[in-house]
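Input: a single structure, listed below in structure tokens.
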Amino acid sequence: MKQDLQHIFEQAIEQLKTEGTIAADQSVKLIFDRTKQKEHGDFATNVALMLAKAAKMNPRELAQKIVDALPESALIQKVDIAGPGFINMFVADDAKFAVIDSVKQASENYGIAGKNSKNHRILLEFVSANPTGPLHVGHGRGAAYGDALGRLLKAAGYDVQKEYYVNDAGRQMDILATSVWLRYLQAADVGINFPENCYQGDYVADMGAVQFKKFGDKHVVTITDIDAVTVDKEPDAALDAIIALAKSTLGETIYEDFFQLALQEILDDIRTDLAGFSVDYDEWFSERSLFQSIGSAESNINQVVEAIDKLKATDYLYQEKGAWWFKSTEFGDEKDRVVLRDNGAPTYFASDIAYHLNKFNRGFDTCIDIWGADHHGYVPRVKAALQALNEDPERLKVLLVQFAILYRNGEKVPMSTRSGEFVKLAELREEVGNDAARFYYVQRKPEQHMDFDLDLAKSQSNDNPVYYVQYAHARICRVFSTAQERGITVDETIDYSQLTSETEETLLTALAKFPEVVQAAAKAFEPHQITYYLRDLANALHSYYNACKFLDSEAELRNQRMALLRATQQVLNNGLTLIGVSAPQKM
RNA sequence: GCGCCUGUAGCUCAGCUGGAUAGAGUACUUGGCUUCGAACCAAGUGGUCGGGGGUUCGAAUCCCUCCGGGCGCACCA
């Protein structure tokens with residue numbers, strides 16, 4: 001509806017341009033919005049105020065000219081000029097009623113644009129937590145936001161693919177595999193001290209026990225062996241030595257067994273956790289696959305090598321102190337970055353360049369990365385690398401999600417995976433429920449710092465606005481089931497002329513807004529707009545519910561009101577689905 | 001020190017590309033169930049939009065500056 005009305009105004013402006021009232025080359029930014037106050041009608045525009053100066057006219061005078069130039073339309077009841085020159089427009093009743101039939105017709109697709117109607121492919125990557133431990137509440141935010149954004153973009157007509165980048169290569173994974181081995185040693189009664197910079201979580205010890213059951217003490221070393229390699233070393237260097245010891249003791253095959261056990265177990269855990277949170281992916285992309293040989297098995301060429309070679313072919317890579325550096329400063333980064341270390345090993349940055357090249361080569365128009373805000377310093381270098389490789393960095397959009405700072409008993413809870421001291425997403429889901437957790441996360445816009453008070457989340461879970469919205473849906477369901485119990489038949493109608501009370505008008509307006517909200521929220525990457533919309537819609541429903549009796553009214557009025565309820569039920573459902581929250585029949 | 005995010009009601013937060021008296025929830029004070037679910041509705045109290053400048057018909061919104069929080073500044077991932 002908004003678009004149709006806006007179009008009418010655009011026609012009027014064009015008309016004035018041909019008449020010469022407005023200069024033909026004048027650029028017009030037509031701002032056309034719903035009003036905040038009823039007296040101002042349904043929609044308003046300030047276009048006369050904006051153009052007055054250029055047209056050398058009094059704003060009200062110009063507004064009058066625009067109004068006079070408006071073509072006839074059945075949608076418009078009347079148009080006012082108010083204040084300094086606002087044009088207020090009142091929508092005709094019949095046009096307002098039309099939304100009921102629109103919803104009925106489109107049902108679960110109301111407000112949802114046609115599949116891939118934007119003809120634009122988007123790759124959306126989110127969470128991508130290292131598979132070194134279970135997801136914690138910090139990841140939960142990225143999960144809820146990313147998934148809701150994916151649904152939202154799809155609803156807005158984009159072709160969206162959701163992807164999880166599995167960081168299964170690199171040192172962290174070696175530390176994890178080694179941690180399991182050390183726990184295995186403990187299970188075998190080798191009285192070692194478990195290093196602080198290894199993964200502390202219980203799940204590691206469990207896996208160590210599993211390996212002991214499987215291998216017995218076949219892959220055991222003594223304390224002296226470990227002391228021999230770690231003596232006089234800083235913790236990090238000592239850890240590297242232990243990793244090397246693990247690899248040489250276990251041999252390639254058995255080490256891989258430890259590695260895969262840890263990886264698969266944790267990844268499975270992450271997968272079920274996310275699936276339980278209604279977060280689903282189209283693709284789980286393995287970082288290791290970037291290191292797999294291309295062509296013959298013995299080939300030294302892989303996607304990471306390829307990417308580096310491409311960079312070497314430009315002028316943006318140079319060698320210094322044994323390492324290869326990328327001149328990201330040429331593209332505005334703070335300093336140059338290493339892609340190949342002096343020992344020849346590629347950095348994480350190197351595989352990330354390869355990964356993004358891979359994404360681009362898969363033919364997406366836009367690649368969206370959702371990262372934790374602590375990675376923000378990383379954005380310029382990735383964009384720089386893409387630019388150096390002659391790709392358009394604008395195709396990559398990095399959305400930063402601020403950290404959720406966790407409080408328990410008023411104390412800040414640290415959230416490092418390494419220390420094992422964190423609150424799992426699974427625990428949160430268990431305690432407050434999926435719907436409440438998702439709503440709570442999505443409600444806040446991503447760049448807002450979030451204080452997550454666990455006690456509050458628990459104690460206030462009953463006050464979570466999600467229930468307010470779900471209750472509205474359940475209430476409607478109850479009205480219909482009660483009608484059925486009482487043997488009241490609800491007939492289809494196309495006449496809604498009796499729906500003229502204030503609460504009905506508010507509800508009709510709210511329903512009509514939904515498609516606009518979906519588009520606006522998608523455009524801004526802001527699923528939180530949906531949650532606020534849903535609260536408003538639920539409020540309109542609850543007010544209506546308290547103001548009217550549905551089943552006791554006479555048949556014709558009842559049919560009309562029930563049609564409005566049906567439409568509201570549908571839109572509540574559609575909105576909740578967008579943020580991955582259920583719409584219960586009863587609560 | 002530099003960079004990114006942030007500062008709106010007691011608390012948690014909205015406020016779209018500048019627009020008409022700054023909005024919700026919560027808390028607090030009232031009123032509303034013999035009725036389709038009161039997990040609800042209605043009304044009220046509560047704000048120098050962090051401070052100060054500037055831009056203009058008009059600023060919470062844009063620019064400058066200062067102050068206060070969070071995060072980041074590795075041959076880690």
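Each chain gets a letter, A, B and so on, in the order its sequence line appears, and its residues count up from 1.
Among the atoms of the strands shown, none is found under 4.0 Å from any heavy atom of A:Leu340. Nucleic acid contact class of A:Ala323 (heavy atoms, under 4.0 Å, all strands): base. Across all strands shown, A:Glu39 has heavy atoms under 4.0 Å from base atoms, whether or not it also approaches the sugar-phosphate. At the heavy-atom level, A:Asn58 lies nowhere under 4.0 Å from the strands shown. Using a 4.0 Å heavy-atom criterion, one finds that A:Arg475 contacts the sugar-phosphate atoms exclusively. Within 4.0 Å of A:Cys548, counting heavy atoms only, lies at least one base atom of the nucleic acid. Among the atoms of the strands shown, base atoms are found under 4.0 Å from some heavy atom of A:Ala44. Residue contacts shown for A:Tyr378 include a base, since a base heavy atom lies under 4.0 Å away. Within the nucleic acid shown, A:His542 comes within 4.0 Å of sugar-phosphate atoms alone, with no base atom in reach, counting heavy atoms only. Note on A:Tyr545: a base of the nucleic acid sits closer than 4.0 angstrom, heavy atoms only. Within the 4.0 angstrom heavy-atom criterion, only backbone atoms of the sugar-phosphate kind lie near A:Asn130; the bases stay farther away.
The aromatic ring of A:His528 does not stack onto the base of B:A14, failing the criterion of a centre distance under 5.5 Å from the six-membered base ring together with planes under 30° apart.
Taking the C1' atoms as reference points, B:U65 lies 25 Å from B:C73, given to the whole Å. Using atom P as the reference point in both B:A9 and B:G32, the two lie 33 Å apart (nearest Å).
For A:Thr531 and A:Gln443, the side-chain atoms include no donor-acceptor pair closer than 3.5 Å. With 3.5 Å as the limit, one finds no donor-acceptor pair spanning the side chains of A:Asp80 and A:His40.
Taking 4.0 angstrom as the limit, A:Ser543 places a side-chain polar atom (N or O) nearer than this to OP1 or OP2 of B:A42. Using a 4.0 Å cut-off, some side-chain N or O of A:Thr482 falls inside it from OP1 or OP2 of B:G37. Between B:C2 and A:Lys335, no contact under 4.0 Å exists linking OP1 or OP2 to a side-chain N or O. For B:A77, neither phosphate oxygen OP1 nor OP2 lies less than 4.0 angstrom from any side-chain nitrogen or oxygen of A:Arg171. Contact between the side-chain N/O atoms of A:His375 and the OP1/OP2 oxygens of B:C5 is not found at any separation under 4.0 Å. Checking the phosphate oxygens (OP1, OP2) of B:G15, no side-chain nitrogen or oxygen of A:Gln529 falls inside 4.0 Å.
A 3.5 Å limit on both hydrogen-bonding distances identifies no Watson-Crick or G-U partner for B:A20. Across the strands present, B:C11 finds its partner in B:G25; the criterion is a Watson-Crick or G-U wobble pair with both atom distances under 3.5 angstrom. The partner of B:G72, taking Watson-Crick or G-U wobble pairs whose two distances both stay under 3.5 Å, is B:C2. Across all strands shown, the partner of B:C62 is B:G54, judged by Watson-Crick or G-U wobble contacts whose two distances both fall under 3.5 Å.
Spacing between atom CZ of A:Phe550 and atom C1' of B:U35 amounts to 13 Å, rounded to whole angstrom units. Following rounding to the nearest Å, A:Asn197 (CG) and B:A77 (P) show an atom-to-atom distance of 15 Å. Put simply, NZ on A:Lys445 is 15 Å from P on B:U12, counting in whole angstrom units. A:Leu176 has its CG atom 13 Å from the C1' atom of B:A77, to the nearest Å.
Heavy atoms of other residues, nucleotides or ligands lying less than 6.0 angstrom from NZ of A:Lys523 number 12 at most. Open room surrounds CD on A:Gln3; 12 or fewer heavy atoms of other groups in view lie less than 6.0 Å from it. Atom CD of A:Glu234 has 12 or fewer neighbouring heavy atoms from other residues, nucleotides or ligands inside a 6.0 Å radius. Residue A:Tyr316 places its OH atom among 12 or fewer non-hydrogen atoms of other residues, nucleotides or ligands, all under 6.0 Å distant.
Comparing A:Glu320 and A:Leu551 by the nucleotide of RNA chain B whose heavy atom lies nearest to each, the residue mapping closer to the 5' end is A:Leu551. Each of A:Asp374 and A:Arg381 lies near RNA chain B, and the nucleotide nearest A:Asp374 is the one positioned closer to the 5' end.
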Identify all pairs in which a protein N or O lies below 3.5 Å from an N or O of nucleotides 22-25 of chain B, and state each distance.
| unit_1 | atom_1 | unit_2 | atom_2 | d |
| --- | --- | --- | --- | --- |
| B:A24 | O2' | A:Arg535 | NE | 3.2 |

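Under the 4.5 Å side-chain criterion, counting only non-hydrogen atoms from C-beta, A:Phe126 is not in contact with A:Leu399.
The OH atom of A:Tyr378 sits 9.5 Å away from atom CZ of A:Arg337, with the distance rounded to the nearest 0.5 Å.
Side chain of A:Gln200 to main chain of A:Glu196: a donor-acceptor pair is present (N/O by atom type, distance under 3.5 Å, no hydrogens or angles).
A:Arg566 forms a cation-pi arrangement with A:Phe480, by the criterion of a distance under 6.0 Å to the ring centre and an angle within 45° of the ring axis.
Between the side chain of A:His449 and the base of B:C5 there is at least one donor-acceptor pair of N/O atoms closer than 3.5 Å.
Closest to the side chain of A:Glu334, from the set B:G37, B:G32, B:C73, is B:C73. Closest contact between the side chain of A:Arg444 and the listed nucleotides B:C13, B:G15, B:C71 involves B:C13.
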